[in-house]
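All remarks here apply to the structure that follows.
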Amino acid sequence: MKRYDLIIIGAGPAGLSAAVEAAGAGMHVVVFDENARPGGQLFKQIHKFFGSKEHKAKIRGIRIGEELLKEAEDAGVEVHLNAIVMGLFDCKEITVMENEAVHHYKADSIIIATGARENMVPFEGWTLPGVIGAGAAQTLMNLHGVQPGSRVLMVGSGNVGLVVSFQLLQAGVQVAAVIDAAPRVGGYGVHASKVARTGVPFYLSHTVVKAEGENHVTGAVIAQVDERFQPIPGTEMHLDVDTICMAVGLSPMSQLLSMAGCEMVDKGGVVPVVNAYGETSIRGIFAAGDVAGIEEASSAMITGRITAAAAAAELGYLSEEEFEKKAENLKASLKQLHEGMFSPENRGRTDLTVTDEGIALSSTLLKKGYVADEEISRFPGVVSGIKGIHPVIECTQNIPCNPCQDACRFGCISVGEKITKLPEVNQEARCTGCGMCVAMCSGQAIFLVDEDYDETGASVTIPYEFLPYPEPGTKGTALGRDGKAVCEAEVLSCRTAPVMDHTALLTIRVPKSMAMKARFFTV
């Protein structure tokens, strides 16, 4: 039996962050993961993260995963892959299946960071090949370079469903529709908007009732649901798809904690009862990340560090003063992510009607995935009539994110100290048109507009992440926020740079009257 100061089960964002923190305190750390490569979900997350600089905002998940792996390696963390933890016992011992043999390990403290699994909803034909989870679709696309299908129905409008829908589009897959049984979009509005403006329709208060086909999916039948989420007869609609992608929530993988005898509670998924530092009812056994409650990866990384610091303090690797200072800073960082309309205390609420600033929320965004033209001007980041080029920030919800403020060196954009505040445009500052705010926006919600580009036309610069990039002079169609054609457009330029991290700045010329409406380009 081999001994360690700290055993961590799970090499995802929470587990790796905990390992780096603990090793930095001087602990002898080992990490076990059942997968063939570490990093958990990070290596499937090719989108840019939200938050502030300290939360690794505007950095893609795959890059964050690479950074964490490098930090763990430099810190001397021992990582065992293809290692299935079979048992966890209250004496802080584990049994692990490695290389077809069972091994026994013991530690003074254990952190469980096993993450979560995808939920599924049964319906007629749900076992057919072609019905897959959103995480499986990400694995196929982003790890193996394989399209999961050619035309996909996305079931679920939370952040996972919206993010994966956009990644499907990036991979050249058609998304027939995004549906959700709930009456409103569940994820960030900026995620929904970037999907909607490509032309993907949203069907809220709808569910999938049947997957058609004998040997594989050849179509889907969806229907409207009533207030009890039951399909309404006569509202059925056929969709021509070959894949049904399910993004209907996650459940914590907390079986090991239950096995060890930790006190458990059902909070929409069975999770351990933990204190403010992630310690369970059994002293020395901690839980971090999604296994303790479903949140974003940014939060998981912070909770991983908090639990590791607590474990280090219990074992004397950190003084009480050192631990209190570290815990205070980490909790303050986590608190920033827990503010705004998507905070944990607001989860599941449907009665929110205004932003923190008292601005009426877009009803069209919640029901159809995009902000209507007549609604957009009420938000402080959306300004028009300014002479010369200027930013238009279509961020309409209080989400924890402020890279736009940091990106502008000239003070054109202000968010303030509270990162959930709606960004504002400083009309007194001079925009140079550098486009860094457009490239750095994690939600792809910023555009540069020159309403007087020439005598008859305006220029609109949009964030663009589709290959191949259009060449200057290419003529096509500009789409509005709702994904419908609004006018003809011509590509003026397509700028790229390493600092933009694969977000191109596509500038198109449109009629002056379309400057505040054109938001996407298609050939």
Any H47 side-chain heavy atom under 4.5 Å of F166 side chain: no
Heavy-atom donor-acceptor pair, D180 side chain to V185 backbone, under 3.5 Å: no
Step-by-step side chain to side chain contact (heavy atoms under 4.5 Å, CB included) determination, S109 to F286: CA-CA 8 Å; S109 291; F286 299 79; 4.3 Å; yes
Side chain to side chain contact (heavy atoms under 4.5 Å, CB included) evaluation trace for V499 with M436: CA-CA 9 Å; V499 71; M436 292 306 297; 3.8 Å; yes
Closest non-hydrogen atom pair, P13 against G39: CD-O, 3.9 Å
Within-4.5 Å side-chain heavy-atom neighbours: I446 and C404: yes
Side-chain heavy-atom pair V79, D33 within 4.5 angstrom cut-off: no
Side chain to side chain, F123 and V131, heavy atoms closer than 4.5 Å: yes
side-chain contact (heavy atoms from CB on, under 4.5 Å) partner of S343, chosen from E345, M341, R347: E345
Interatomic spacing from CD in E465 to CD in Q444 - rounded to 0.5 Å: 4.0 Å
Donor-acceptor contact present, side-chain H338 to main-chain Q336, <3.5 Å: no
Closest approach of T350 to R184 (non-hydrogen atoms, all atoms of both residues): O-NH1, 2.8 Å
Under-4.0 Å salt bridge between E66 and K70: no
Presence of salt bridge, E71 and R305, under 4.0 angstrom: no
Side-chain heavy-atom pair H191, F50 within 4.5 angstrom cut-off: yes
Heavy-atom donor-acceptor pair, K44 side chain to G135 backbone, under 3.5 Å: yes
Donor-acceptor pair between E296 and N159 side chains, under 3.5 angstrom: yes
T280 side-chain N/O to I285 backbone N/O, donor-acceptor pair under 3.5 Å: yes
Enclosure of N275 CG (heavy-atom neighbours >12, cutoff 6.0 Å): yes
Test item: side-chain donor near acceptor, S333 and H55, under 3.5 Å: yes
Sidechain N-carboxylate O distance under 4.0 Å for K58, D406: no
Residues T355 and E357: side-chain donor-acceptor under 3.5 angstrom: yes
CZ (R349) with more than 12 external heavy atoms under 6.0 Å: yes
Rounded distance (nearest 0.5 Å) linking atom OG of S17 with atom CD1 of I111: 10.5 Å
Short side-chain donor-acceptor distance under 3.5 Å, H104 and E93: yes
E322 backbone acceptor or donor facing S319 side chain under 3.5 Å: yes
Partner residues of E424 under the salt bridge (Lys or Arg N to Asp or Glu O under 4.0 Å) criterion, sequence neighbours left out: K421
Any side-chain donor near an acceptor of the partner, S251 and N119, under 3.5 Å: yes
Approximate separation, where rounding is to 0.5 Å, of L257 CG and I112 CD1: 5.0 Å
Under 3.5 Å donor-acceptor, T114 side chain and G10 backbone: no
Exercise: identify the closest heavy-atom pair between L204 and A182: CD1-O, 3.4 Å
Parallel, tilted or perpendicular: rings of Y105 and H103 (30°, 60°): tilted
Test item: S157 side-chain N/O and G186 main-chain N/O as donor-acceptor pair under 3.5 Å: yes
Minimum side-chain heavy-atom gap I64-M301 below 4.5 Å: yes
Nearest-0.5 Å distance that lies between atom CG in D90 and atom CE in M259: 12.0 Å
Heavy-atom side-chain proximity of F202 to V195 below 4.5 angstrom: yes
Steps toward side chain to side chain contact (heavy atoms under 4.5 Å, CB included) verdict (V96, H80): CA-CA 10 Å; V96 186; H80 292 226; over 6 Å; no
Residue that, paired with Y4, satisfies side-chain hydrogen bond (donor to acceptor under 3.5 Å, both in side chains) out of K106, K92, H28, E78: E78
Reported OG-to-CD1 distance for the pair S52 and I419, which is rounded to 0.5 angstrom: 5.0 Å
NZ on K331 to CD1 on I302, rounded to 0.5 Å: 13.0 Å
Side-chain heavy-atom pair P272, E263 within 4.5 angstrom cut-off: no
Main-chain N/O of C262 paired with S281 side-chain donor or acceptor, under 3.5 Å: no
Derivation and outcome, salt bridge (Lys or Arg N to Asp or Glu O under 4.0 Å), residues K335 and E339: CA-CA 7 Å; K335 184 176 183 294; E339 294 178 334; 2.9 Å; yes
Side chain to side chain contact (heavy atoms under 4.5 Å, CB included) between Q397 and L365, intermediate numbers included: CA-CA 10 Å; Q397 295 174 323; L365 175 64; 3.9 Å; yes
Closest heavy-atom pair and its distance - Q45, A297: OE1-CB, 4.0 Å
Option passing side-chain contact (heavy atoms from CB on, under 4.5 Å) with F43 (candidates N142, L69, T139): L69
Smallest separation among heavy atoms of G381 and V425, with atom names: O-CG2, 3.4 Å
Donor-acceptor under 3.5 Å (Q147 side chain, A171 main chain): yes
Non-hydrogen atoms of F32 and V30 that approach each other most closely: CE1-CG1, 3.7 Å
Backbone of A107 reached by a side-chain donor or acceptor of D5 within 3.5 Å: no
Short N-O contact, R60 and D501, less than 4.0 angstrom: yes
